[in-house]
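All values below were derived from every heavy atom in this structure, side-chain atoms included, with hydrogens, water molecules and symmetry-related copies excluded. Each chain gets a letter, A, B and so on, in the order its sequence line appears, and its residues count up from 1.
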Amino acid sequence: MTLRTRFAPSPTGFLHIGGARTALFCHLHTRHYGGTTILRVEDTDIERTKQEAVEAILEGMRWLGLEPDEGPYYQSANSQKHLDIADQLLIAEQAYRCYCSKEVLDQMRDEQRASGLKPRYDGRCSKLKSAPSPDAPFVIRFRRPKVGEVIWQDKIQGEVRVRNDELDDLILVRSDGTPTYNLAVVVDDHNMGINLVIRGEDHLSNTPRQIQLFEALAWDVPDYAHMPLLHGEDGAKLSKRHGAVSVLSFREEGFLASAVNNYLVRLGWSHGDQEIFTTKEMEELFDICEVGRSAAIFNSDKLLWINSHHIMDAQPEDLVDELIYQLKLINIEDVDKKRLIEIIPEFQERSKTMVEMAQKVSFLFVDELPEYEPSAAKKHMKIAAIDPLSELTKRLESCPEWDIDSIEKVFKSVLDAYEIKMVKLAQPVRVALTATATSPGIYETVFMLGRLKTISRLQAGVIFLEEKAAATE
RNA sequence: GUCCCGUUCGUCUAGAGGUUAGGACACUGGCCUUUCACGCCGGUAACAGGAGUUCAAUUCUCCUACGGGACGCCA
């Protein structure tokens, strides 16, 4: 039997990091076993459904490379099928009409809570022979088994048992005639041939009810795997309030999709001492059965570290589009892609994010360098550097070739002529060329910048120093 | 409140009835060095508490504490 899994988000907002993790685990486990992934939008609550949300979820999945093999299907498109099943249950007396108003139910729950009971429907309408009045509004409730228990072998949680008397008769069809989530899921999972349900642990308590429904309908019960939740830094379930931002904001912040996936897969799952995984490795190695049962806390430091490794390990060709994207955000446009690919290797092990990389390469593309960073200027732009710097400028200007070796020779010759150490020359040059105290190797920096910009920035550096010297006299 | 689940360094995790309780992030000392990084070597740091089973428990059982989830005509 081939594996069929589904990711079933409700379209009420963007795809956040917790949802992404569920989608990822679904995707990886299914790939590992050569199955089929299905995306099904759980939009049975029309009120709360937003079309933009569906788009946002899709976009998030696309970015992470988690596109489903089938779908998106919309649960609302199957309403009639859901209702037919409800009718079938009604006829078989496995369901009944309940006429209790919301007020009555609220009051009942309040009373139960007050006397220390678990709030749940007491089944008062289950024995009703007829409607209290001909046009009384009603919901359809499932007549659940009262004795015994539901037991299933959860792929993550192990054996789970729930006594039937802990449960109540859940609503299958609302008073407005629309099917509820619990009915829809069971019918759709069955119709779509889903044989493994991977979802968050917050659904654990729905599972026994759904199993009861499967059994009442004499359908095969799928396997279940309930993932421990991902918590925010404060230890509570992720929500809009604590950092459950759209996964797409990670792209904005310069994270690679593969790094985000890598980070998420290590929350609850491990493979020996390995920390860095390519997407391919994850697909080969991951198994939902190996996932642990305790919740993890989101930690951005580790994500950052993993991202830096994915940047280092990437091919420049695979980074260039993200770099262009980030450069645009800081108003650097129309850069030559080929040139970018050539310079990227110099920045890969210096950038933890693509945002950082964009900042670090920006000195190569701007016409006007910003003011020198005060601390860099103070530390390295010393008056003593005037002569070596202007001499270097001259020699670079007349250097016959423009390659790393020739540039190095010019530097060495200036060093010899003035009997100074490399730092004394390299750092002032770096500040003059980049306005900062950090950059790739100085020969590489000079080479990448090109002769024209190098010479003019060095000249500007000399002038800066001369003015400083004049001012201190 | 009721039901369910969880608890190994600050964080993510490995681990087995007997281990110097391993790795990673973060922090930190050093090396490398033209800067920043990368890399390398080292350091600090954990089995929530209490009973029981056992020659032996952090590992098995129970209780407590703490944390989380669920208790909707939401999904």
| query | Counting side-chain heavy atoms from CB outward, which of B/rU13, B/rC73, B/rG72 is closest to A/L267? | reply | B/rU13
| field | Pairs where residues 429-439 of chain A contributes a residue and the test salt bridge (charged side-chain N to carboxylate O under 4.0 Å, His left out) is met, not counting sequence neighbours | value | none
| request: Tell me which residues in residues 144-166 of chain A put a heavy atom below 4.0 Å from RNA chain B, sorted by number, or none. | output: A/Q157, A/E166
| field | Contacts of type side chain to side chain contact (heavy atoms under 4.5 Å, CB included), residue A/Q157, not counting sequence neighbours | value | A/D154, A/V160, A/E201, A/L204, A/H226, A/R293
What protein N or O atoms touch nucleotides 61-63 of chain B N or O atoms at under 3.5 angstrom, if any, and at what distances?
none

| Rounding to a whole Å, what distance do you find between A/L304:CG and B/rC12:P? | 17 Å
| task | Respond yes when some side-chain nitrogen or oxygen of A/R293 is under 4.0 Å from OP1 or OP2 of B/rG6, and no when none is. | result | yes
| Just by protein heavy atoms under 4.0 Å, how would nucleotides 25-33 of chain B read 5' to 3' in B, S and -? | SS-------
| remark: Taking B/rG69, B/rA75, B/rA14 as options, the one with an atom nearest any side-chain atom of A/S270 is B/rA14
| task | Provide, to the nearest angstrom, the distance between the CE atom belonging to A/M357 and the P atom belonging to B/rC36. | result | 19 Å
| query | Taking only residues two or more places apart in sequence, or in another chain, which ones meet A/D403 in a side chain to side chain donor-acceptor pair (under 3.5 Å)? | reply | A/S406
| query | For A/S439 and B/rU35, is the shortest distance between a side-chain N/O and OP1 or OP2 below 4.0 Å? | reply | no
